[in-house]
Amino acid sequence: SYLGVDTCAATGLCEDRCPVGINTGDLVKRLREEHNRYARKPVALIARHFEGATFMVRGGLIAANASHRALGTAGMNSASSRLRKASGNRMPLWSPATPRAGNPKALNRYRSKVVGEEIIYWPSCASRNFAPPHGSSKPTLTSVALRLLEKAGYQVTVMSNNGLCCGQPFFSKGHPLTGAEKQRELEDELKALSRDGEVLVVGDTSPCAMQMNLSSIDVLDPVKFAIEHLMSRLKVAPVPGSIALHITCSTRKMGLARQAEHVARQCSESVIIPTNIECCGFAGDKGFNIPELNASALSTLKSQVKGCRQGYSTSLTCEIGLAAHSEIPYSSLLYLIDEAAQ
């Protein structure tokens, strides 16, 4: 179980390496579904009350952040490690890159200040409910995305229902029926908002956008949106210094790796893409629950990004692990575009 089912990131990136295109991640998801047959009802309950579930997650992040302030980083690292060991590795492992709780209700109050081409902005579950970690002065991803869209002259409508999800967490953990149900709910909402796809829909994380593109609604991930629509509307000047770029599994699977690099090079004087690091091993929540997978995948990252002022990616959860193992902050590529477009 540990060597196969538990520690497979299930991103399907192996399919690209395999000469005959075998996706072992699909097999692992089916095995997880068999193992999870007794958990279907509790998981379905979580899905039906998804907003309440995210409320509990934010409560956990608030408690962790309060403990961090009280104990300091060294004390919090020690306490988290001891609690995890005492729990038989059931307790998630905290790191200094663990996000603070976000405020999804702030999106309900958003009103576009621009009158122009319409666009639907769909914030992922992570971007709605996570804020940059303790000690960071950066704004939330949702506020940066909104600022950038308005800077580009878009009239933005936000899909702000915090009870909706693309289904990705459920699919990856072996609950395909529940995942499909959540995906349909979001699909219906986005189709209604976009008048059946007449209005562009953009997401802020690549894994979630790729998941929704398996449905009947076309959701542009940050890279594709930047290449096809955003950059032509902005005047960008490369930001001084070196930055690190992590190209996510989903970006690679969608065939957008070169485009991601092109956008980064338009916005920064120097771009470092670490070699031999493709899947970061965070895989949604495995960086918390099986942190050795994330540590192994990123064992050479720190030495390769030495001297970089900042790292960028297009998956908020991947960025947690990348920051923890590189000791430089990581954030969405949208932050870099926004900075270059000042």
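The basis for the numbers below is simple: all heavy atoms, side chains too, and nothing from hydrogens, waters or symmetry mates. Here the structure is a predicted model, which is why all the values come from computation and not from measurement. Numbers for residues simply follow the sequence, beginning at 1.
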Tell me, please, which residues at least two apart from F282 pass ring pair (Phe, Tyr, Trp, His ring centres under 6.0 Å).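 For F282 the ring pair (Phe, Tyr, Trp, His ring centres under 6.0 Å) partners, ignoring immediate neighbours, are F288.
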Could you tell me which residues satisfy side-chain contact (heavy atoms from CB on, under 4.5 Å) with [X], sequence neighbours excluded, listed by chain and number?
X	answer
V199	E118, I120, S194, R195
S299	none
P132	R100, S136, K138, T140, Y335
N77	T73, W94, P96

Please confirm whether the backbone N or O of [Y] pairs with a side-chain atom of [X], one donor and one acceptor, at under 3.5 Å?
X	Y	answer
S87	L83	yes
K253	T248	no
K182	A47	yes
R32	S172	yes
E33	P176	no
D338	L334	no
R37	E34	yes

Should we count [atom1] of [X] as having more than 12 external heavy atoms under 6.0 Å?
X	atom1	value
R265	CZ	yes
E327	CD	no
R258	CZ	no

State which residues pass side chain to side chain donor-acceptor pair (under 3.5 Å) with K286; sequence neighbours excluded, sorted by chain then number. none
Residues clustering with [X] (ILVMFWY side chains joined when closer than 4.5 Å, directly or via others):
X	value
F171	none
I22	V20
Y38	none
F50	V43, F170

Does any non-hydrogen side-chain atom of T98 lie less than 4.5 Å from one of P133? no
Under 3.5 Å, is there a donor-acceptor pair linking the side chains of S206 and S250? no
Contacts table for residues 231-245: side-chain donor-acceptor under 3.5 angstrom, sequence neighbours left out:
| unit_1 | atom_1 | unit_2 | atom_2 | d |
| --- | --- | --- | --- | --- |
| S232 | OG | H229 | O | 3.1 |
| R233 | NE | Y154 | OH | 3.1 |
| R233 | NH1 | A152 | O | 2.8 |
| R233 | NH2 | E117 | OE1 | 2.4 |
| S242 | OG | S270 | OG | 3.1 |

Spacing of CD belonging to E261 relative to OG1 belonging to T251, to within rounding of 0.5 Å: 12.5 Å
What salt bridge (charged side-chain N to carboxylate O under 4.0 Å, His left out) pairs are there with at least one residue in residues 47-58, not counting sequence neighbours? none
With R128 as reference, evaluate N103, N161, N162 under the side chain to side chain donor-acceptor pair (under 3.5 Å) test and give the passing residue. N162
